[in-house]
Every structure is written in C-alpha cells, then in structure tokens.
Amino acid sequence: MDGVDLVIAATDDSALNAYIRESAHQRKLLINVADKPDLCDFYLGSIVKKGDLKIGISTNGKSPTIAKRLREVLDENIPDEIDITLQQMAGLRNTLSGDFAAKVKHLNEITSVLVEPKIERKNLRWLIWLFIIFGLGIAITALWFNEPEFRAYAQQIDQSFYYFLGAGFLFAMVDGAIGMSYGVTSTAFSISMGISPASASMAVHLSEIMSNGIAGWMHYRMGNVNWKLFKLLILPGILGAAVGAGLISSLEHYAMYTKPLVSIYTLTLGGVILSKAFKTAKKKSADKIKRISLLGLGGGFIDAVGGGGWGSIVLSSLIAGGRHPRFSLGTVKLTRFFIAMIGSLVFLTMLNGAPWSAIAGLIIGSALAAPIAARISNRISVKLIMVAVGIIVILVSLKASLPL
C-alpha cells in the first residue's frame, strides 16, 4: 500500500479484508470494503454522464442497486441535447459584459425555464385537452350532424366497416410500436378498397384525431414530449397540412390520375420502411437537424397529399439527425393530433360526401389501439414489425396502382 492514495478491498475473505482495512488506517489511507458499508471510509457512486454534464448518485452504501437504477432512469430521461445547451451557455457567458452580479442575474433569467416549467406545462395540458375535446367534436359532428348519408348508413352497417375496423386497430398498433406507418398503411389499404386519394386521406386524418389525441396525451403523461421541438414543428406542420389538404381536395375530380400517383408514393414509402428494417445501426450523428420548421412544413404537406408520411418523414429525420428516439416519438405523436385535426377541417369543407364505412371503422379501430400501443411501444420487435409493414404497404400499393 505504500505510495497509493485510496484502497479498495474486494476479496472473498472477510478476515483478509479486515486486515487490509487495519493496514490502510495505519497508513492514514481511505478504504472501501466491498459489500461492507460499515467498514467503508467512502462509497462508490453511480455516475450519469452527458458530455460535460456529470451527476453523481450515492446511497451511502445502503443499496448500490438502487443507485444503479437511478442512474439508468436519469441517463434515459436527460436528453443528449443537454450537452449542446451547456456549450451554448458557456459561449454566452463568455460574451456577457458587466459585473459579476449582472452576469449572474442574466444567466438566472435565461435558465429559469429549467426549474420553472410547471406553469407553461399546466397551460399546455389544458390546451391539449381543449383541442382533444374540440377534435372529438369535429369528428362527432362530421359523423352525425353534417352528413345525412351517415345517418342513413348507420341504419344498415356495410360489411366493409368491419374490414376498416380491423385495419384501423392493426395499423394503429403498428404505428404505436414504431412511431410511423399508420397514415401510409391506412391510405394504401383504403385506395386498394376503391376509395379516391382525397377521400382516403380524409378518412385517415379524421381517424387520427382521436387516436393521436389519446396517444399524444399518453406520451405527455409519461414525459415523452420535447416542448421546444413541439413548438418548432406545430405551426409549420399545420400550415403544410392545410395547403396539402386543399390541393388534393381540389383535384378530387381527377382521382383517376391522382390515385396511381398516390399509390406510387405509398409504394415508395413501403420500400423506405422495409429498407430501414435491415439498415445497420450507425453511431449517432452529432450534427442534429437545424431546419425543424422546414421539416414540419414539408412533412405536413406531404402527409395531407399522400394520406400519410408525417411519422415516416418527420420522425425518421429527427432520429437520423441524432434526436432522442423516445422524445421524438412522443413529440411527433402529439403534433400529429393537431395536424390531423386541421387537415380534417379542410377536407370536410372542400369535399362533398365521405366514405363513412372507412372513416367509422378507422376511427373506432385506431382509438381502441392507441392507449395499448403507447404502453407497449418499447416492448416488441421493431425490426420484425417494420419488415411486415413494408411488405404489406408494397403489396396493397401495387394492387391499387396496377390496372386489374
């Protein structure tokens, strides 16, 4: 022990450990005796590291397992972007002028959002609930009061309703697992059943009001929403969805031409999903996507025109750009609720009539699956699901695009 600073005794011989401890104390050295907290002069803590951020966790030797579990929780829930924030704060601090008190006051104002988010989140919670109720009101109004043909349809349920009910449940479960593909699978399926692209997109968006409202609320309750990312996506996404829905609705009379184009689009997305399933995971890039608003605008537009793609485009781009997968998934699901609601309003305003068998089936099926899917999103084989989704989308797209 001569010439050392700390001692760790980790043998399986209690007598030897006691002798090592006595010898360490004779040399005035600090010692840690494994699995013997009462004999330790210091304890080994668990460390959470996010770049320059380091958090130490100690239970004073009472339960190293608890310390390990707490480290896992913090490591998972503290986003990697925190290191970028640290670097930005360091750069900002170097640019501040004035005395020490002025600098501290300025930095406290900037960082207050980190410790005082409750008011903003409370307001956001009420806003989300307001929009969910409003969205449900739109769906109910569309299904009952605004469409006389739906009342006539309700008296005699068409057999296709049950096909769309099962499809809506299955596609929503898949979407909850991998964060994408509900729109593209539902649209491809609807078109293969003879529905026009605009009507198919309307059916998908109406059904997503309820399912994404439920899923978004579940992710919010589980703390899976990145609010900064949410603000960057929401307004451009809504604008893109409104423009896209208006465009495809105005081309409804040309469905014979737009249907093959949308089928080719869903066919392409099916191939993309299938290729992602077999792509080898690469090291996360340090360069994150900076033009989030432009991504939201394009994603909302393409989603409305093609009946799907918000998850496939936006979520995939965020994760590929180094964003945290779980926070990206929760944020994309919540923003999808607002985009689906705005798109539905535009479709209902511009289109005459609606495929109520598809709409009712998709709404009920996806709503039933949404809370289940949010809970099991991290507990099933993503690769297997993506392979199955890719194959299904390709097959139904080919069926819809090729002449019979």
Side-chain angles (χ1 to χ4, degrees), residues 1-14 16-18 20-21 23-25 27-94 103-104 107-108 110-118 121 219 221-229 281-288 318-331 377-379 382:
M1 296 184 199
D2 295 338
V4 303
D5 298 310
L6 294 174
V7 179
I8 296 178
T11 75
D12 59 354
D13 188 330
S14 299
L16 177 57
N17 287 342
I20 294 173
R21 181 173 183 270
S23 300
H25 284 174
R27 292 169 171 78
K28 302 186 185 303
L29 298 175
L30 297 177
I31 183 171
N32 175 282
V33 181
D35 295 328
K36 297 291 183 181
D38 295 339
L39 302 181
C40 294
D41 299 320
F42 66 92
Y43 306 107
L44 299 176
S46 293
I47 306 297
V48 178
K49 297 177 64 176
K50 295 283 184 177
D52 287 330
L53 175 67
K54 297 178 178 64
I55 302 174
I57 304 169
S58 174
T59 61
N60 278 341
K62 298 298 188 296
S63 178
T65 302
I66 293 295
K68 181 181 74 171
R69 295 305 182 196
L70 288 174
R71 178 187 62 79
E72 292 174 352
V73 170
L74 290 174
D75 188 62
E76 181 180 358
N77 285 278
I78 297 177
D80 294 334
E81 290 85 354
I82 191 67
D83 188 53
I84 298 177
T85 302
L86 290 176
Q87 307 309 322
Q88 292 172 340
M89 289 300 298
L92 175 62
R93 186 176 62 178
N94 293 332
K103 292 181 179 179
V104 170
L107 291 173
N108 283 338
I110 294 174
T111 57
S112 62
V113 67
L114 297 176
V115 293
E116 299 175 359
K118 294 183 179 179
R121 291 194 178 186
H219 281 290
R221 292 296 301 272
M222 293 186 289
N224 294 346
V225 179
N226 182 324
W227 293 109
K228 181 179 179 181
L229 188 61
K282 297 180 180 180
K283 185 178 179 180
K284 187 182 294 183
S285 172
D287 298 326
K288 295 179 173 59
L318 291 174
I319 295 176
R323 297 278 174 175
H324 193 287
R326 189 159 62 86
F327 289 104
S328 297
L329 173 60
T331 305
S377 58
N378 294 324
R379 302 181 183 180
V382 173

> Going through the checks in order, is the side-chain contact (heavy atoms from CB on, under 4.5 Å) test met by D2 and R27?
Replying inline: CA-CA 8 Å; D2 295 338; R27 292 169 171 78; 3.0 Å; yes
> More than 12 foreign heavy atoms under 6.0 Å from CG of D13: is that the case here?
Replying inline: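 Yes, CG of D13 has more than 12 neighbouring heavy atoms, counting only those of other groups under 6.0 Å.
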Could you measure the distance from the [atom1] atom of [X] to the [atom2] atom of [Y]? Nearest 0.5 Å is fine.
{"X": "I8", "Y": "N32", "atom1": "CD1", "atom2": "CG", "value": "5.5 Å"}
{"X": "E72", "Y": "I57", "atom1": "CD", "atom2": "CD1", "value": "10.0 Å"}
{"X": "I55", "Y": "L74", "atom1": "CD1", "atom2": "CG", "value": "5.5 Å"}
{"X": "D35", "Y": "N17", "atom1": "CG", "atom2": "CG", "value": "9.5 Å"}
{"X": "I31", "Y": "R21", "atom1": "CD1", "atom2": "CZ", "value": "7.5 Å"}
{"X": "L39", "Y": "K36", "atom1": "CG", "atom2": "NZ", "value": "7.0 Å"}

>> For K50, is there an ion pair with D75 - N to carboxylate O distance below 4.0 angstrom?
In response: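 Looking at K50 together with D75, the answer is yes, because their closest N to O distance falls below 4.0 Å.
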>> For a side-chain contact (heavy atoms from CB on, under 4.5 Å) check, start with the C-alpha distance between I20 and V7, then their side-chain angles and the critical distance, and finish with the verdict.
In response: CA-CA 9 Å; I20 294 173; V7 179; 3.9 Å; yes
What pair of heavy atoms forms the shortest contact from [X] to [Y], and how long is it?
{"X": "Y43", "Y": "P37", "value": "OH-O, 3.4 Å"}
{"X": "K49", "Y": "I47", "value": "CG-CG2, 3.6 Å"}
{"X": "L29", "Y": "H25", "value": "O-CD2, 3.8 Å"}

> Within the side chain of T331, is there an N or O that forms a donor-acceptor pair under 3.5 Å with the backbone of N226?
Replying inline: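 Answer holds: yes.
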